*Asks:* 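Sharing a structure below in structure tokens format, with a few things to ask.
Just so it is clear, the structure is predicted and the values come from calculations on it, not from any experiment. Just so it is clear, the values below take in all heavy atoms, side chains as well, and ignore hydrogens, waters and symmetry mates. Just so it is clear: chains get the letters A, B, ... in the order the sequence lines come, proteins before strands, and each one is counted from 1.
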Amino acid sequence: MFQFLFYNTLKKEYNWFNPIRLGKVSLYTCGPTVYNYAHIGNLRTYMFEDVLKRGLEFFGYQVCHVLNITDVGHLESNHDFGDDKLVLAAKKEKRKVFEVATYYENKFFEDLRSLNILLPNIKSKATDHINLMIELISALIRAGYAYENSGNVYFRVSTFKRYFDLIGNQFDIDKAFNRIDIDTLKKDNRDFVLWFSNSKYPNQLMKWKSPWGIGFPGWHIECSAMALFYLGRKLDIHCGGIDHIMVHHTNEIAQSESILQHQWANIWMHGDFLTHENNKMAKSMNNFFTLKDLEKEGFKSEHFRFLCISVHYRHRLNFSFQALLGAKSSYEKLLSIAKSLNSNNDKKIDLVKNSFSSNMIKMYLKQLQNAILFDLDTPKMINVLWEVLKSSLCRYEKKRILKLCDKILGLNLFNEQFLTLSQKEKIEKRQNARIEKKWELADELRKELQKERVFLRDTVQGTQWYIN
RNA sequence: GGUACUGUGUCCGAGUGGUUAGGAAGCGGUCUGCAAAACCGCGAACAUCGGUUCAAAUCCGAUCAGUACCUCCA
């Protein structure tokens with residue numbers, strides 16, 4: 001049996017992965033707040049989680065993956081939205097705020113699809129689960145873990161002994177908080193809000209009835225409520241970006257474990273940031289890029305995906321267009337190799353189906369397997385993959401290994417492309433022209449095909465084509 | 001103020017004690033009707049200063065530089 005070894009933020013060490021139920025994995029990943037486009041830093045985290053999910057599925061686990069969509073909260077941001085008409089419209093006509101959320105949610109899923117990220121089994125929107133949150137808050141109040149004050153409900157941090165477990169150390173709460181406006185309704189500065197009826201943002205656009213007044217839920221309660229609802233009292237893996245460790249996930253644990261009275265998630269995994277010029281990507285610093293921005297510069301989402309998986313998920317990735325250009329070249333090279341391997345007759349592949357017995361293949365497969373099992377070491381996988389492709393293995397063996405890896409890496413290396421009949425005819429015509437050394441005609445046909453985004457490459461094995 | 005992380009060639013980055021990481025870019029060459037690709041070869045690095053060791057990019061200490069988090073944040 002293959003076993004994963006994951007770095008567990010909760011324990012600050014590598015832990016063998018043992019699922020709660022044999023062969024099944026419950027996975028909760030924190031999703032986006034849909035008030036703006038996702039930037040490529042956000043997307044990096046979803047890609048890490050995608051590799052995790054693909055890796056688990058590759059080794060036969062049945063993964064139940066829940067992703068939340070935060071469509072509640074500070075959707076009326078003071079950030080500059082540029083010329084987005086929908087947002088401007090939403091600002092003018094307050095009812096349209098739900099449309100704003102839907103708009104950015106759709107854009108988010110477009111990005112995921114474009115990056116070949118597997119969609120979650122359950123997409124869970126916060127606004128569809130307000131009642132669950134109210135129930136959970138009520139339960140926390142009844143059990144003495146939370147209190148109400150002037151319409152707001154707060155979690156009483158002093159009641160939860162393991163509050164600093166995920167952070168790993170206690171911090172000086174008063175010094176940490178002396179920069180922040182102190183909420184005088186809190187009994188203790190560390191306490192965090194579960195429900196706002198009396199917010200410091202009085203113009204909140206989304207409001208619901210609750211036992212404590214008309215208002216909206218705190219940010220952390222939504223994840224606890226939805227994860228408990230969909231995935232039950234014990235969770236295998238909970239993921240997010242490293243910025244969630246300190247606050248969001250710590251508070252989630254406090255809420256959930258106070259109700260459950262036992263450890264909630266077995267493994268907490270966190271992806272590191274993508275930075276730009278060594279700064280965190282932030283909308284306020286105007287140094288963020290979206291997938292569309294990369295496309296404008298002539299990059300495909302696969303290029304960005306390659307860049308991300310060539311860096312370990314727990315290592316910071318400093319983004320630059322030069323780095324992306326390197327990733328693009330590498331990816332296109334890999335794709336070109338995949339295409340040339342794919343150009344063979346598939347019948348031959350069947351004949352060598354059992355050829356994995358050779359020691360060399362066993363060695364490579366072992367290395368690739370160990371790489372992914374050891375905390376999702378995708379850089380190592382890519383390294384081994386280059387070795388495989390350079391090795392003396394035959395084409396069919398290389399192709400099969402590459403296909404296996406691509407199931408985890410998700411680089412879309414064997415995406416089938418089709419030519420129209422007229423395009424096929426043009427390629428044939430050109431072949432004949434070349435045989436007759438009618439170079440001008442051949443070049444003319446190649447140009448025509450290029451206009452249709454079909455590119456040709458004459459090799460020893462014949463003319464190859466690809467669509468770009 | 002507190003806590004943590006990072007520093008590797010032109011660029012992105014692996015690498016936790018001894019053997020060329022890899023890729024991109026560059027340079028030289030082979031191949032080719034042209035184009036594109038492919039192939040071969042080349043050079044180049046471990047922030048600084050100490051320490052431990054037969055041996056340090058790797059372990060320890062100090063310094064410098066950078067980043068993040070501390071109730072909006074992937």
Side-chain angles (χ1 to χ4, degrees), chain A residues 29-33 35-36 38-49 70 73-75 77-79 167-181 183 186 189-193 201 218-220 239-248 250-251 270-275 277-284 306-307 310-312 314-334 336-337 339-340 371 377-380 382-387 390 434 437-440 442-443 446-447 450 455-461 463-464 466:
Chain A
T29 61
C30 283
T33 304
Y35 70 97
N36 205 334
H39 61 63
I40 57 174
N42 303 134
L43 294 172
R44 183 192 181 197
T45 299
Y46 302 112
M47 244 182 291
F48 132 62
E49 291 158 352
T70 301
H74 308 294
L75 293 176
S77 165
N78 54 1
H79 288 144
I167 302 169
N169 61 283
Q170 298 211 3
F171 52 88
D172 189 328
I173 209 82
D174 291 326
K175 278 182 180 158
F177 281 78
N178 62 13
R179 294 188 309 146
I180 300 158
D181 297 341
D183 182 345
K186 286 181 184 177
N189 265 344
R190 294 181 299 178
D191 294 349
F192 60 91
V193 75
Y201 305 102
W219 176 40
H220 317 297
C239 296
I242 51 164
D243 53 334
H244 283 164
I245 296 171
M246 185 68 104
V247 179
H248 182 53
T250 289
N251 289 348
H270 294 94
D272 208 321
F273 279 129
L274 178 147
T275 58
E277 288 164 357
N278 283 323
N279 286 303
K280 182 181 154 187
M281 280 212 173
K283 283 149 194 166
S284 55
F306 189 91
L307 178 69
S310 67
V311 181
H312 194 267
R314 286 195 295 113
H315 198 287
R316 193 181 306 151
L317 165 61
N318 192 23
F319 176 83
S320 68
F321 278 100
Q322 198 178 353
L324 187 60
L325 195 65
K328 178 183 178 178
S329 302
S330 300
Y331 175 77
E332 292 298 334
K333 186 175 176 179
L334 201 58
S336 143
I337 292 171
K339 279 202 194 312
S340 76
D377 194 347
T378 48
K380 178 79 180 170
I382 291 172
N383 184 7
V384 177
L385 211 48
W386 287 121
E387 270 184 51
K390 276 185 177 176
R434 288 183 69 224
K437 302 205 180 209
K438 291 179 182 168
W439 308 124
E440 277 181 26
D443 290 351
R446 184 167 60 193
K447 261 190 189 168
Q450 255 177 41
F455 295 85
L456 300 181
R457 188 179 291 163
D458 300 318
T459 71
V460 188
Q461 287 138 347
T463 298
Q464 294 176 356
Y466 63 97

*Asks:* Pick base, sugar-phosphate or nothing for A:Gly41, based on heavy-atom distances below 4.0 Å to the nucleic acid.
*Replies:*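 The answer is base, as A:Gly41 lies within the cut-off (heavy atoms under 4.0 Å) of a base atom.
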*Asks:* Could you identify the nucleotide paired to B:A14, looking across every strand shown and requiring Watson-Crick or G-U wobble geometry with both distances under 3.5 Å?
*Replies:*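 Its partner: none found.
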*Asks:* Which nucleotide wins on minimum distance to the side chain of A:Asp243, given the candidates B:C73, B:G33, B:C70?
*Replies:*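 The answer is B:C73.
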*Asks:* Hey, which sits more toward the 5' end of RNA chain B by its nearest nucleotide, A:Glu440 or A:Ser329?
*Replies:*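 Whichever sits nearer the 5' end wins; that is A:Ser329.
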*Asks:* I'd like to check the salt bridge (Lys or Arg N to Asp or Glu O under 4.0 Å) partners of A:Arg314; sequence neighbours left out, ordered by chain and number.
*Replies:*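 For A:Arg314, the residues satisfying salt bridge (Lys or Arg N to Asp or Glu O under 4.0 Å) (neighbours in sequence not counted) are A:Asp375.
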*Asks:* Please state how far atom CG in A:Leu385 lies from atom P in B:A21, giving the value in whole angstrom units.
*Replies:*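 Value for this atom pair: 20 Å.
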*Asks:* Write down the distance separating the C1' atoms in B:A74 and B:U63, rounded off to the nearest Å.
*Replies:*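 Between the two C1' atoms, the distance is 34 Å.
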*Asks:* In the strands shown, is B:C27 matched to any nucleotide by a Watson-Crick or G-U wobble pair with both distances under 3.5 Å, and which?
*Replies:*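 Across any shown strand, B:C27 pairs with B:G41.
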*Asks:* Could you state the atom-to-atom distance from NZ of A:Lys438 to C1' of B:C34 in whole Å?
*Replies:*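 Rounding to the nearest Å, NZ of A:Lys438 and C1' of B:C34 are 18 Å apart.
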*Asks:* Tell me, please, which residues at least two apart from A:Asp272 pass side chain to side chain contact (heavy atoms under 4.5 Å, CB included).
*Replies:*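 For A:Asp272 the side chain to side chain contact (heavy atoms under 4.5 Å, CB included) partners, ignoring immediate neighbours, are A:Arg44, A:Ile242, A:Arg316.
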*Asks:* So what's B:G33 paired with, Watson-Crick or G-U wobble, going by both distances under 3.5 Å?
*Replies:*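 With both distances under 3.5 Å required, B:G33 matches none.
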*Asks:* In the structure shown, which nucleotide is the Watson-Crick or G-U wobble counterpart of B:C64, with both distances under 3.5 Å?
*Replies:*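 By the stated definition (distances under 3.5 Å), B:G7 pairs with B:C64.
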*Asks:* Going by purine N1 to pyrimidine N3 plus the second Watson-Crick contact, or the G-U wobble pair, all under 3.5 Å, which nucleotide sits opposite B:C46?
*Replies:*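 Checking every strand shown, B:C46 finds no partner, since no pair has both distances under 3.5 Å.
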*Asks:* At 4.0 Å (heavy atoms only), tell me whether A:Trp386 reaches a base, stays on the sugar-phosphate, or touches nothing.
*Replies:*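 Answer is sugar-phosphate: A:Trp386 comes under 4.0 Å of backbone atoms only.
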*Asks:* Round to the nearest Å and state the distance from A:Phe273 atom CZ to B:A68 atom P.
*Replies:*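 It is 9 Å, rounded to the nearest whole Å.
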*Asks:* Looking at every heavy atom in both A:Leu307 and A:Ser310, which two are closest together, and how far apart are they?
*Replies:*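 Scanning both residues, the minimum pair turns out to be O-OG, 2.8 Å.
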*Asks:* For nucleotides 7-13 of chain B, list the nitrogen or oxygen atoms of the protein found under 3.5 Å from its nitrogen or oxygen atoms, one pair per line.
*Replies:*
{"unit_1": "B:C11", "atom_1": "O4'", "unit_2": "A:Gln322", "atom_2": "NE2", "d": "3.3"}
{"unit_1": "B:G13", "atom_1": "OP1", "unit_2": "A:Asn318", "atom_2": "N", "d": "2.8"}

*Asks:* How many Å lie between CG on A:Asn251 and C1' on B:C72, as a whole number?
*Replies:*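 Computing the A:Asn251:CG to B:C72:C1' distance gives 14 Å.
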*Asks:* Sequence neighbours left out, what passes side chain to side chain contact (heavy atoms under 4.5 Å, CB included) with A:Val247? Give chain and number order.
*Replies:*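 A:His220, A:Asn251.
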*Asks:* Report, one pair per line, the protein and nucleotides 35-40 of chain B atoms (nitrogen or oxygen only) whose separation is under 3.5 Å.
*Replies:*
{"unit_1": "B:A35", "atom_1": "N6", "unit_2": "A:Asp458", "atom_2": "O", "d": "3.3"}
{"unit_1": "B:A35", "atom_1": "N1", "unit_2": "A:Asp458", "atom_2": "N", "d": "3.0"}
{"unit_1": "B:A35", "atom_1": "N3", "unit_2": "A:Arg446", "atom_2": "NH1", "d": "3.1"}
{"unit_1": "B:A36", "atom_1": "N1", "unit_2": "A:Asp458", "atom_2": "O", "d": "3.4"}

*Asks:* Any side-chain N or O of A:Asn42 under 4.0 Å from OP1/OP2 of B:A74?
*Replies:*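 Looking at the OP1 and OP2 atoms of B:A74, one of them is under 4.0 Å from a side-chain N or O of A:Asn42.
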*Asks:* Just checking A:His248: base, sugar-phosphate only, or nothing, at a heavy-atom cut-off of under 4.0 Å?
*Replies:*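 Nothing: the residue A:His248, judged by heavy atoms under 4.0 Å, touches no strand.
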*Asks:* Tell me the closest heavy-atom pair linking A:Thr250 and A:Ile245, and the distance in Å.
*Replies:*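 In terms of heavy atoms, the two residues are closest at OG1-O, 2.7 Å.
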*Asks:* Watson-Crick or G-U wobble partner for B:C59, using a 3.5 Å limit on both distances?
*Replies:*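 B:C59 is paired, partner B:G51.
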*Asks:* Select from A:Val193 and A:Ala327 the residue whose nearest nucleotide in RNA chain B is closer to the 5' end of that strand.
*Replies:*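 In this pair, the answer is A:Ala327.
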*Asks:* Only counting residues at least two apart or in another chain, list the ones meeting side chain to side chain contact (heavy atoms under 4.5 Å, CB included) with A:Thr45.
*Replies:*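 Partners of A:Thr45 by the side chain to side chain contact (heavy atoms under 4.5 Å, CB included) criterion, ordered by chain and then number, come out as A:Phe48, A:Glu49.
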